[in-house]
Amino acid sequence: MKLLLIGYMGSGKSLIGKMLAQAMQLPFYDLDTLIESNYGAPIPTIFSEKGEIYFRKLEAKILRETLESNQNCVVALGGGTPCYAQNMQAINAKQDAFSIYLQTDLPVLVERLLSELKSRPLIAHLKSKEDLTDFVRKHLFDRSPYYMEAKLKIKTSAFTPAQVVEKIVLQLF
Ligand code: S3P
């Protein structure tokens with residue numbers, strides 16, 4: 001089985017993913033890292049050299065390659081992965097893939113993202129906490145229908161990463 005973690009930037013996909021992989025004794029992959037290795041440069045460089053559309057095409061290709069592999073694993077997707085190229089459809093069509101949405105409240109996302117603006121090309125231009133809050137509120141609203149297509153939805157804001165992992169594991173068995 002492939003366990004695919006989805007959720008907005010800052011929802012903890014990578015941290016929870018690594019911990020979940022450890023708990024399940026499965027290998028962990030980060031789709032952003034697979035994309036960076038394939039292209040040979042960090043995500044912000046891909047955006048600045050080639051633009052977002054190129055990035056989305058590469059993201060869809062690497063996602064499909066990952067879905068086609070026979071390996072059981074945990075994969076953290078990018079925040080936008082479910083929202084492009086019919087990726088959620090591709091994920092949910094796979095018998096051996098199980099999608100998990102980490103549902104995180106706006107104020108928690110904003111606090112986490114404030115310190116990491118520069119490493120995230122979609123929000124790097126925002127100048128204040130208010131601008132970031134407005135942007136994330138609308139973006140999250142637009143993306144939620146895709147995220148809600150996940151098989152399992154887990155509210156994360158009131159829980160530690162270990163508790164979130166425990167909740168996921170309990171739902172899997
Ligand atoms: C993106 C999220 C990023 C990365 C890229 C685009 C998005 O991944 O894929 O910067 O569209 O939300 P994380 O959610 O892991 O930060």
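Whatever order the structure lists them in is the order used to number ligands and atoms, beginning at 1.
- Looking only at protein heavy atoms, the nearest one to atom 7 (C) of ligand 1 is Gly80 N, 3.3 Å.
- A perpendicular orientation is assigned to the rings of Tyr39 and Tyr54, their planes being inclined by more than 60° (bins at 30° and 60°).
- Considering only heavy atoms from C-beta on, Gln71 comes within 4.5 Å of Tyr29 through its side chain.
- For ligand 1, the atoms lying closer than 4.0 Å to a non-hydrogen atom of Ile43 are 5 (C), 10 (O).
- Residue contacts with ligand 1 for Pro121 involve side-chain atoms from C-beta outward but no N, CA, C or O (heavy atoms, distance under 4.0 Å).
- We find that Glu116 and Arg120 are joined by a salt bridge, their nearest charged nitrogen and carboxylate oxygen being less than 4.0 Å apart.
- Under 4.0 angstrom from ligand 1, the non-hydrogen atoms of Arg56 all belong to its side chain.
- Atom 16 (O) of ligand 1 has its closest protein heavy atom at Arg120 NH1, 2.4 Å.
- Protein heavy atom at the shortest distance from atom 12 (O) of ligand 1 is Arg143 NH1, 2.7 Å.
- Those atoms of ligand 1 that come under 4.0 Å of a heavy atom in Gly78, given as number and element, are 8 (O), 9 (O), 14 (O).
- Tested against Ile62 for a side chain to side chain contact (heavy atoms under 4.5 Å, CB included), the candidates Thr81, Asp32, Asn38 yield a single pass: Asn38.
- With a heavy-atom cut-off of 4.0 Å, Leu122 touches ligand 1 through its side chain alone.
- Between Gly79 and ligand 1, at least one pair of N/O atoms sits closer than 3.5 Å.
- Remark: the backbone N or O of Asn72 is not paired with any side-chain donor or acceptor of Lys2 at under 3.5 angstrom.
- Side-chain N or O atoms of Lys127 include one that pairs as donor or acceptor with a backbone N or O of His125 at under 3.5 Å.
- With a 4.5 Å cut-off on side-chain heavy atoms, Thr104 and Arg112 count as touching.
- Of all protein heavy atoms, the one closest to atom 13 (P) of ligand 1 is Asp32 OD2, 3.5 Å.
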